[in-house]
Amino acid sequence: MEEIDTSVNKKRSFFRFWNQPKHAAYLFMAPSIIILLFFMVIPLIGTLGLSFFNINIFFTGTKFVGLDNFVQFFHDQRAINSMWHTVYFTLLETPTQVIVGTVAAAALSRTTLFNRFSRSVFYVPVICSLTTSGIIFSMLLDPNIGWIPYVLHQFGMSTPQFFRDATLAMPSIAVMTVWKNFGVTMTIMLTAIQAISPSLYESAEMDGANKKQQFFHVTIPQIIPSLGFCVMTNLIGSMQVFDQIYVTTAGGPEFKTESAVQYIYSRGFSAPYQLGYASAVATILFVIIAVLSVSSNLYMSHKEKQMR
Amino acid sequence: MRHGLMKKLGVVAAIAAAGVSLAACGSSKSSSSSSSNKTTTITFWNGFTSTDGDVLKQIVKDYNKTNKDHVKVKMDIMTWDNFNQKLPTGITANKAPDFVAMNYGDMASYVANGTMKDMGDFYKQSGVDKSNFETTARNLGVINGKTYFVPMQVQGMYLYWNKKLFKKAGLNPNNPPKTWAELATDAKKISKLGNNTQGFAMPKDGSAIMYNLLQDNGAKLLNGSEKKSALNSAATKKSFDYLQQLIYKDGVGPKNISGAEADNLMLAGSLGLYINGPWLNSGLKKNNIDYGISTLVQAKQGDQKAILDGVGFGIPTSTSDSKTKAIYSFVKYWNTTKVGKKWSLENKCAPYLKSVASNKDIKADKLVSTMYKQIGYAKPYYPGNKNMSNITTNVINPSIEKVLAGNNTTSVMKSASKQVDSTLSGN
């Protein structure tokens, strides 16, 4: 009898322990932590480990080379160029998307039938895959069979080569990405804008502020946290750009659109299958993204404090 | 111990990176074997995604139904791009299929890394007549004296021309160009037809055309020992200048176009002349394009130079001996006259089995017999060189792009030569 009592007590204390909110929280977090551990932390450590080795994808002829792969990066013009292309894409895409998303959100913030319809329409590209969007844009912008060059030609304009032109290719990819993703930014900003108290606008109006002044002096300061979130997530996403480039230009013309991730991929997963070197470039990219994210986060927090 | 840990770390990192980069590329299917009623199931990966894939499916289906060796082939067809991405990680993670059909250009690096089985004993099997295989086709799969691949298909680059556009441009539709110079003359005439009509297309990833052009002009990619680049030559410059003049200066075709885009132009009937492999035939027929096919143009009339390429069956080292026996059964079936004839006639492919080549139906087929003519004198390009795939992707294709974009051909050539040297030295 006593034994049974002890076992029941143990069970009770076990459930009591995990029922406490501060302990239960860990249970709720556990699935995410496990997923993060297995799909982010361990591969990250694995990548860092591989970057110190001369190793190919077949794991033959493996040799410890210390920091050689990192040194090689600074002598590899194509790798450095791919980093610059990534930064160029980020500078084109991130501000454009945040601005377009915010303006669209502000314009569609009032709940009317038209606005609700427009929000749904602007969100449609988000549910398409980047690969599909890439194929659609490749066809639309193709100088020989594309609809957009055809229309421009009908108006007597010269037909730009878009994805085939070294200067136009990256801006074209950035425009396509903005079209594809600005629905997400718009939705986040819309939620933030709709949460602003109407009394703030009423006060501003009483003080004689026009719509433009209300937007810059009421709306923007109130949505700074959401704006910061959008800037940071877009920044991280843009620095990892791959799919749309892979589908539309494959890094061309003349590697002018080759992004860092694409370069990592081509080094590691196609001939010459240099997994160690690819890992070193991936590690460098990781550090750059981490520095950029932390800096942008600190800047936005500072701005938020300033505005308030 | 350390190697084991590295391998585990590597597999995790490789799979994670592949997951990040290629989220859209579908799932990797592992090889499997099931044993019911002593049936051996063998998994087979290849990249025949076009109409040739339908013929292949039919052949596999027939084999599965009729073979008496209790073998079942389970096939996974994917794009060649996807294939080349999945196979290396599959091999490393022990998830490779039991056998594959692979392009000859890609084989050497797999063999160099010890991932492919020696298939030399295939020809020693009863019912396999080694002498029935064309020697050049058989030798495509020989690396360092060992047979790693058995032919599945042989091919070359052929000249396609649109007869309708030839007529419109005032050219004889039954007289295609025989030399590169004639090709340039005809292409210029066709490109003047307007309405987005192109004379000739040189894809920026058209290394197969480039290698043929270099060879025809007497240029060499590598030196005799294949340890140094031999690209820096007047013949290479001549080849680069020819392409630049044709596309960039004379504008007879689109600049910066991929092979797939060039294929679409030919299939849409707006391209006069094009060089490509046999796989274009089915699409042209389907689109009712009035076209002709001939052996590849030459530097001088009467020359007979061409590069032999193809696809071969290979077996990863992870495949067990019992499954290897089952694979041989299928490969043996593939290399029968009946199957060879079906594959050649339905896909418009040159035969490599003598018994197929001598068949009256094959001889009567104008397209197939034209292609077979070229197979007679075509030779493989640096066979068994493990660096060819890397050189093609990272040196030759980018150089083609630069030449077509109007860059100085001498500096492109010198830079390409330097890069080839760097690749060969392993840097």
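To find a chain, count down the sequence lines: A is the first, B the second, and so on, and within it residues start at 1.
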We want to know whether [X] and [Y] form a side-chain donor-acceptor pair, criterion being a heavy-atom distance below 3.5 angstrom.
X	Y	answer
A:N56	A:T60	yes
A:Q97	A:E93	yes
A:Q77	A:N81	yes
B:S258	B:E261	yes
A:D76	A:Y277	yes
B:N103	B:D309	no
B:N390	A:Y273	no
A:S129	A:T132	yes

Heavy-atom distances under 4.5 Å only: say whether [X] touches chain A with side chain, backbone, both or neither.
X	result
B:P88	both
B:K386	neither
B:I391	neither
B:T115	side chain

Are the side chain of [X] and the backbone N or O of [Y] linked by a donor-acceptor pair below 3.5 Å?
X	Y	result
A:N234	A:C230	yes
A:T47	A:P43	yes
B:Y382	B:L222	yes

Region of A:T249 that comes under 4.5 Å of a non-hydrogen atom in chain B: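 For A:T249, the contact with chain B is made by the backbone alone.
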Using heavy-atom distances under 4.5 Å, tell me whether A:F163 contacts chain B through its side chain, its backbone, both, or neither.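 Answer is neither: A:F163 stays 4.5 Å or more from chain B.
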Residues two or more places apart in sequence or in another chain: which of them pass ring pair (Phe, Tyr, Trp, His ring centres under 6.0 Å) with A:F70? A:F52
Can you tell whether the side chains of A:E254 and B:K402 come within less than 4.0 Å, N to carboxylate O?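 Here A:E254 does not pair with B:K402 in a salt bridge, since their nearest N and O are not under 4.0 Å apart.
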Check against side-chain hydrogen bond (donor to acceptor under 3.5 Å, both in side chains), B:T197 and B:S270: CA-CA 5 Å; B:T197 305; B:S270 53; over 6 Å; no
Residue by residue, scan residues 105-113 of chain B and write down, ordered by number, those that have a heavy-atom distance under 4.5 Å to chain A; if none do, write 'none'.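 Interface residues of residues 105-113 of chain B: B:S109, B:Y110, B:N113.
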Using a heavy-atom cutoff of under 4.5 Å, enumerate the residues of residues 407-418 of chain B that contact chain A, numbered in order, or state 'none'. B:N407
With a strict 4.5 Å heavy-atom criterion, list every residue of residues 165-174 of chain A that contacts chain B, or say none. none
Would you call the rings of A:Y265 and A:F242 parallel, tilted or perpendicular if under 30° counts as parallel and over 60° as perpendicular? perpendicular
Decide if atom CZ of A:F73 counts as having more than 12 heavy atoms of other residues, nucleotides or ligands within a radius under 6.0 Å.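 Result for CZ/A:F73: enclosed.
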Selection from B:N196, B:N264, B:N84 maximising heavy-atom pairs under 4.5 Å formed with chain A: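 Ranked by contacts with chain A, first place is B:N196.
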